[in-house]
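Single-structure report; data block below.
Keep in mind that what you see is a predicted model, and the values were worked out from it rather than measured.
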Amino acid sequence: MALNVVIMAAGQGTRMKSSLPKVLHRLAGRALLQHVIDAAARLQADRLIAVVGHGADQVRAAMAQAAPDLRFVLQQPQLGTGHAVQQAVPELADEGTTLILNGDVPLIDPETARALVAACDGRRLALLTVHLADPTGYGRIVREGAGVRAIVEHKDASPEQREIREVYTGMMAAPTAHLKRWLARLKNDNAQGEYYLTDVVALAVAEGVEVVAAHPADEIEVLGVNSPAQLADLERRLQRRQAERLMAEGVRLADPARLDVRGTLACGRDVEIDINCVFEGRVVLGDHVRIGPNCVIRNAEIADGAVIHAYTHIDGDTLGVKVGEGALIGPFARLRPGAELGPEVHIGNFVEVKNSTLARGAKANHLAYLGDATVGERVNYGAGSITANYDGANKHRTVIGDDVHVGSNCVLVAPITLGAGATIGGGSTLSKDAPAGQLTVARAKQVTIPGWQRPRKKT
């Protein structure tokens with residue numbers, strides 16, 4: 001039996017006071033509409049249709065890549081919810097069931113949507129309802145015994161009807177053939193002069209079609225967003241739910257109220273996360289990882305035993321970032337796309353790494369930049385040193401061999417190779433390769449001192 005899913009996404013959302021269409025405002029890092037599309041996709045619908053209106057071009061552009069199979073229909077002007085679904089009628093297959101979801105109600109669970117379709121069973125009108133402590137603004141469910149007889153919009157409800165706590169969530173499932181017939185019979189003789197989708201209930205009752213109700217597992221599934229305050233409230237509810245899931249898996253959160261997961265966060269055993277941390281995209285934390293306060297981590301894999309100190313910013317973007325076992329990062333460090341750090345690497349305060357690999361035990365502890373570089377094992381990279389990897393037109397690579405010591409305030413002008421065991425004197429600007437095992441100083445002129453041996457550390 002064919003399943004059509006219609007997502008209502010035409011509303012302007014005037015209380016948002018934004019030029020951005022309401023359904024494109026972000027919750028946990030994704031557009032409200034994207035959350036609904038993701039839920040609908042799990043139902044394996046035959047047709048997925050979005051009714052757009054305000055900011056239609058913006059919505060189409062935003063969803064073009066995220067949901068290539070999504071069909072769009074335009075509601076212009078916006079004359080009510082019934083009018084919105086009427087615009088989708090030409091896209092609906094005659095047989096089967098049509099499920100109607102709301103683009104500004106982002107957290108509908110696919111299992112709840114599936115249960116709503118099952119309640120319809122191709123022959124009933126099934127409504128998703130919920131009992132709210134404060135039902136203001138919602139259409140009230142009017143029952144006769146156990147059966148639903150009508151939905152009365154809040155603005156049209158009598159004082160007695162406004163006392164009803166069971167409300168319509170805006171989501172329903174109906175036999176498509178019946179729905180098309182009911183939509184054609186809608187009238188706009190109400191206080192707003194609009195065509196209400198809720199009026200199909202009375203039409204179904206008049207025809208003797210059974211009207212049933214299904215219910216969500218959690219109130220959060222049916223909460224809509226009509227104002228910045230509601231968006232913020234839903235964000236905190238969702239983040240609290242995610243924090244509880246992590247803690248149930250054994251993650252230790254310093255304060256579950258001060259965590260933001262705007263993507264997916266997978267954690268190993270014995271993980272600690274301090275306050276005010278933001279995780280975006282896909283982040284994987286291995287066993288025994290410690291994340292300090294006020295860190296932002298996006299698209300990164302952090303291996304077992306690594307410590308990310310306070311105020312570190314890791315942004316993997318499309319290339320990703322990898323941090324090896326036992327590495328120490330920060331505080332105030334920045335890892336950019338393509339940074340791959342081996343085991344026991346140290347990246348200290350105000351050090352930036354971009355598109356570079358650092359092998360086991362390499363260290364850049366203070367005020368340094370490594371871009372487009374390949375760094376060997378046990379390298380010590382001095383404070384104030386940088387790779388000058390961009391000539392104004394192209395990026396070039398710097399290769400630093402094992403056991404190289406780069407002094408403070410050095411500039412390595414790529415392309416350049418520092419041989420294994422080389423030492424670069426502080427304040428040098430190198431534009432030529434440095435021989436392995438030698439001391440090279442380049443101020444006015446680059447000079448290599450043969451036979452020089454680095455002083456041994458005191459033990």
Side-chain angles (χ1 to χ4, degrees), residues 29 246 249 251 259-274 277-366 368-381 385-387 389 395-404 406 414:
L246 289 168
E249 294 171 356
V251 178
L259 171 78
D260 283 87
V261 179
R262 301 171 186 170
T264 62
L265 174 61
C267 298
R269 296 174 299 166
D270 191 30
V271 170
E272 290 185 5
I273 301 174
D274 213 323
C277 290
V278 179
F279 299 91
E280 300 181 340
R282 178 181 176 272
V283 178
V284 178
L285 306 181
D287 296 344
H288 312 294
V289 168
R290 304 289 182 267
I291 308 294
N294 303 294
C295 293
V296 178
I297 302 176
R298 177 184 178 219
N299 291 340
E301 297 180 16
I302 299 173
D304 298 352
V307 176
I308 311 299
H309 290 295
Y311 295 98
T312 292
H313 186 186
I314 300 176
D315 183 3
D317 198 21
T318 56
L319 293 178
V321 165
K322 293 183 178 180
V323 177
E325 293 182 16
L328 303 178
I329 312 298
F332 296 99
R334 185 182 184 197
L335 305 182
R336 292 172 58 195
E340 295 191 16
L341 312 184
E344 301 174 15
V345 166
H346 292 188
I347 299 296
N349 49 285
F350 304 105
V351 175
E352 179 179 344
V353 181
K354 187 270 297 184
N355 194 31
S356 297
T357 60
L358 281 73
R360 179 184 292 272
K363 297 180 180 180
N365 280 325
H366 317 282
Y369 172 67
L370 282 160
D372 300 292
T374 301
V375 180
E377 295 184 357
R378 297 173 300 278
V379 167
N380 194 319
Y381 195 79
S385 293
I386 67 168
T387 56
N389 52 313
K395 298 288 180 70
H396 300 283
R397 199 142 193 97
T398 298
V399 178
I400 303 175
D402 294 346
D403 300 301
V404 167
V406 178

Under the salt bridge (charged side-chain N to carboxylate O under 4.0 Å, His left out) test, residues paired with R334 that sit two or more places apart
E352
With a 4.5 Å limit on heavy-atom distance, are the side chains of I291 and D274 in contact?
no
Taking it one step at a time, do I273 and L259 satisfy side-chain contact (heavy atoms from CB on, under 4.5 Å)?
CA-CA 9 Å; I273 301 174; L259 171 78; 4.3 Å; yes
Between G324 and A303, which heavy-atom pair has the shortest distance, and what is it?
C-CB, 3.6 Å
Closest heavy-atom pair and its distance - A300, I314
CB-CG2, 3.8 Å
Checking D315 against R336 for the salt bridge (Lys or Arg N to Asp or Glu O under 4.0 Å) test, could you report, in this order, the C-alpha distance in whole Å, the side-chain angles of both residues, the deciding distance, and whether it holds?
CA-CA 5 Å; D315 183 3; R336 292 172 58 195; over 6 Å; no
Is any side-chain heavy atom of L285 closer than 4.5 Å to a side-chain heavy atom of L265?
yes
How far apart are the C-alpha atoms of E340 and K322, what are their side-chain angles, what is the distance that settles it, and do they pass the salt bridge (Lys or Arg N to Asp or Glu O under 4.0 Å) test?
CA-CA 5 Å; E340 295 191 16; K322 293 183 178 180; 5.2 Å; no
Nearest-0.5 Å distance that lies between atom CZ in F332 and atom SG in C295
10.0 Å
Please walk me through it: do N389 and R397 pass side-chain contact (heavy atoms from CB on, under 4.5 Å)?
CA-CA 6 Å; N389 52 313; R397 199 142 193 97; over 6 Å; no
Would you call L328 and V345 a side-chain contact if the rule is heavy atoms closer than 4.5 Å?
no
Using a strict 4.0 Å threshold on nitrogen-to-oxygen distance, state whether R290 and E272 make a salt bridge.
yes
Between H288 and D304, does any side-chain donor sit less than 3.5 Å from a side-chain acceptor?
no
T387 and Y369: CA distance, side-chain angles, deciding distance, side-chain contact (heavy atoms from CB on, under 4.5 Å) verdict
CA-CA 6 Å; T387 56; Y369 172 67; 3.8 Å; yes
Would you check if V278 and R262 make a side-chain contact, meaning some heavy-atom pair closer than 4.5 Å?
yes
CG of D287 to CZ of R269, rounded to nearest 0.5 Å, is 4.5 Å
Side chain to side chain, Y381 and V404, heavy atoms closer than 4.5 Å
no
Quick one: closest heavy-atom pair of G342 and A327, and the distance?
O-CB, 4.3 Å
Quick one: closest heavy-atom pair of T312 and G330, and the distance?
OG1-CA, 3.5 Å
Any side-chain heavy-atom pair of L335 and V323 under 4.5 Å:
yes
How far apart are the closest heavy atoms of A362 and V375, and which atoms are they?
CB-CG1, 4.1 Å
Do the side chain of D402 and the main chain of E377 share a donor and acceptor less than 3.5 angstrom apart?
yes
Residues C277, D260; criterion side-chain contact (heavy atoms from CB on, under 4.5 Å); working and verdict
CA-CA 6 Å; C277 290; D260 283 87; over 6 Å; no
I302 vs I308 side-chain heavy atoms within contact, under 4.5 Å
yes
Give a yes or no on whether the backbone of D317 and the side-chain of N299 come within a donor-acceptor separation of less than 3.5 Å.
yes
Just so I know, are the side chains of V406 and N380 near enough to count as touching, which here means a heavy-atom distance under 4.5 Å?
no
Using 0.5 Å steps for rounding, measure from the NZ atom of K363 to the CD atom of E344.
9.5 Å
Which pair of heavy atoms, one from H309 and one from P331, lies closest together, and at what distance?
CB-N, 3.5 Å
Name every donor-acceptor pair, under 3.5 Å, that has one atom in a side chain of residues 353-360 and the other anywhere in the protein, sequence neighbours excluded.
| residue | atom | partner | partner atom | Å |
| --- | --- | --- | --- | --- |
| K354 | NZ | D372 | OD1 | 3.4 |
| K354 | NZ | D372 | OD2 | 2.7 |
| N355 | ND2 | D372 | OD1 | 2.7 |
| S356 | OG | K354 | O | 2.9 |
| S356 | OG | L370 | O | 3.4 |
| S356 | OG | D372 | N | 3.1 |
| S356 | OG | A373 | N | 2.9 |

